[in-house]
2 protein chains.
Amino acid sequence: MSTEVTPRAGLSALFPGSAPASGGSAWRERLIIEAAELTRSGGWQAITMAKLADRVGVSRQTVYNEIGTKQALGEAMMMREVEGFLRSVDASFHAHPGDLVAAIREAAAGVLRDASTNPLLHAVLSASHGAESALLPLLTTQAEPIIDAAQVLIRGHLDTYELPISPKRIGALVDMVIRLVLSHVTTPTGTPEKTAEDIAWIAEQVLRTQR
Amino acid sequence: MSTEVTPRAGLSALFPGSAPASGGSAWRERLIIEAAELTRSGGWQAITMAKLADRVGVSRQTVYNEIGTKQALGEAMMMREVEGFLRSVDASFHAHPGDLVAAIREAAAGVLRDASTNPLLHAVLSASHGAESALLPLLTTQAEPIIDAAQVLIRGHLDTYELPISPKRIGALVDMVIRLVLSHVTTPTGTPEKTAEDIAWIAEQVLRTQR
DNA sequence: AGTTTACAAGTCCTAGGGTCTTGTCAAACG
DNA sequence: CGTTTGACAAGACCCTAGGACTTGTAAACT
C-alpha cells in the first residue's frame, strides 16, 4: 500500500480521438450491441443493415442516421470490445493494489478467459497480433494502437510501484507479458488460469531481481 | 563445461517419419531447392510443374518421378525449411556450451534474422503460431509439431544443465522463449539482436532464481 | 423523432465457356 | 536404365455476363 503514487491516468486518455460508447443517442448503443450479437452468431459479413434494423425494431434509415455507414458500425463495435478489454485489464490492477504479480495473473487470466468465449475480442486480439480475420478491415483506425494502449495502461500501473529494475527493462517485461498473453489467445495450450499462473510466475522472477 | 551430461538426441530423432532431404536421387534435391527459390520470388501458387522442370533443365515427367505430386513437393520444401530452422537453433546451443543465456540469445537472434529474410521460414513459423498464409496447406503433416519439435530440442539442451528450478517451471520457461520468438516473428518491433537481448535477459532473470 | 418509399451505385452470387495445369500413360530415345 | 516425348482425361482457374441483393442517400410522410 505504500508504493502507490499516481492516481491513474484514466482509460479515456488512451483514446483521445473518436468518442467512446458514451455520447450516442438511445438507439446507437442498442444497435452496436445487437450488431456484436449478430456478428458473434452469424459473422460480420452476414449482417445487413436491414436485418439489424429489423432486429432492434427500428427502420433502416434510423440505423444510417445513428451510425453512418456499415464500416462505421463495425468500427464502433470493435471499439466497444477494445474498451471492455482495457477496462477489464485496468480493473484487475485496481483489484490488487500492492500486489503486482497477483494483478498480472488476474489480468492475464481474465483476458484469456474473455478471448476464449468472445469471438469478437478474440478477433481483435488476434488481429492486433498477426493473425488474419474477416473482421480485420474493421480495425483500420486501431490495429497496433490496441497493443500500444494496453502497453501504456500496464506501464502506467507498473510505474506506481518502486521496482528494482530499470525503466528499459520494465518495458521489456511489459512487452513480454502482453506478447505471451496474445500468443496464448491465438494458440492456447492450457487453461486460462494455468497459463496466467505461468506468466505471473515468470514476471515474479523478473521482478525479484537484485532487490 | 561440467554441466553437460547427455550427448544429444540428434535432430533426425525429432522427425521419425518422412525421410529427410538425404536419400533422394540427384534431381530431387535440386528440384526442391529450385521450388523454394521460385516460391520466394513468385509465390507457391505461381509455380507449375512445367516451369519448375524447365528451370531445373529436366522434363516434366522427371519431376513427377522424383517428387510425386505438387503437394508432396510443397511439403518437402517446407520440411527443408523446418530442418534448417531446427538445425540453426541446435547449432546456437552447441556454440555456447555452459552458457545457457548466450545460447538462447544467439538462437533467438538467428531465428528472427532468418525469418525476416526468408519468406518461407517466416510462413512456417507464422503458420505454426496462428497466422494464415498461402503456404499453410503445405504444412498438413506438421503444423503444431514444429513448435513441439523446437520445444523438445530446447528442452533437451536445458536438461544438460543443473538448473535451480523445477522441471515444470523449466517447461514454462521454454514455452515462454518460443512464444516470444514466434511473436516477434509475426509482429516484430526492434532489431533481431535487440529483441533477442531482451528475451535472453528475461530468461536469465528466471534462471537466477533461488540459486 | 422516426418511418416509409424510391432510387442510383455498387457488391455478391451463379453459371458458363475457355484456358491452363495436374497427374498418368505408353512409346521412343540415348 | 533413366530420361524424354507426346498424348490425354480430369479438374482447377480465369474471365464474363446476368441477376439478386445491399449500400447509402434523398425526399415525402406521420
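Chain A is the first sequence line, chain B the second, and so forth, proteins listed ahead of strands; every chain is numbered from 1.
- If you check the side chains of A:H157 and A:D90, you find a donor sitting under 3.5 Å from an acceptor.
- The pairing partner recorded for D:dA26 is C:dT5, the criterion being a Watson-Crick or G-U wobble arrangement whose two distances lie under 3.5 angstrom.
- For the pair B:M49 CE and D:dA12 P, the computed distance is 16 Å after rounding to whole Å.
- Summarising the geometry, atom CG belonging to A:L120 is positioned 5.0 Å from atom CZ belonging to A:R40; distances are rounded to the nearest 0.5 Å.
- The NZ-P distance, from A:K51 to D:dC21, rounds to 12 Å in whole Å.
- Side-chain nitrogen and oxygen atoms of B:W27 include at least one within less than 4.0 Å of the OP1 or OP2 phosphate oxygen of D:dT3.
- Taking the side chain of B:T62 as heavy atoms from C-beta on, and the options C:dG2, D:dG24, D:dT4, the nearest nucleotide is D:dT4.
- The separation between A:W44 atom CH2 and D:dT22 atom P is 14 Å, rounded to whole Å.
- In this structure, the CD atom of B:Q45 is 11 Å from the C1' atom of D:dC14, given to the nearest Å.
- The distance between atom NZ of B:K70 and atom C1' of C:dT24, rounded to the nearest whole Å, is 18 Å.
- Both A:S59 and B:I47 lie near DNA chain C, and the one whose nearest nucleotide falls closer to the 5' end is A:S59.
- For the pair A:K168 and B:W201, the cation does not sit on the ring face, since its NZ or CZ is not both under 6.0 Å from the ring centre and inside 45° of the axis.
- The CG atom of B:L73 sits 14 Å away from the C1' atom of C:dT21 (whole-angstrom rounding).
- Rounded to whole Å, atom P of C:dA26 lies 13 Å from atom CG of B:N65.
- For A:Y64, taking side-chain heavy atoms from C-beta onward, the closest of the listed nucleotides C:dT21, D:dT4, D:dT23 is D:dT23.
- In this structure, a donor-acceptor pair under 3.5 Å is absent between the side chains of B:S116 and B:H122.
- There is a side-chain donor-acceptor pair under 3.5 Å between B:R179 and A:H184.
- B:D54 places its CG atom 11 Å from the P atom of D:dT4, with the value rounded to the nearest Å.
- Both A:Q61 and B:R60 sit near DNA chain D, but only B:R60 has its closest nucleotide nearer the 5' end.
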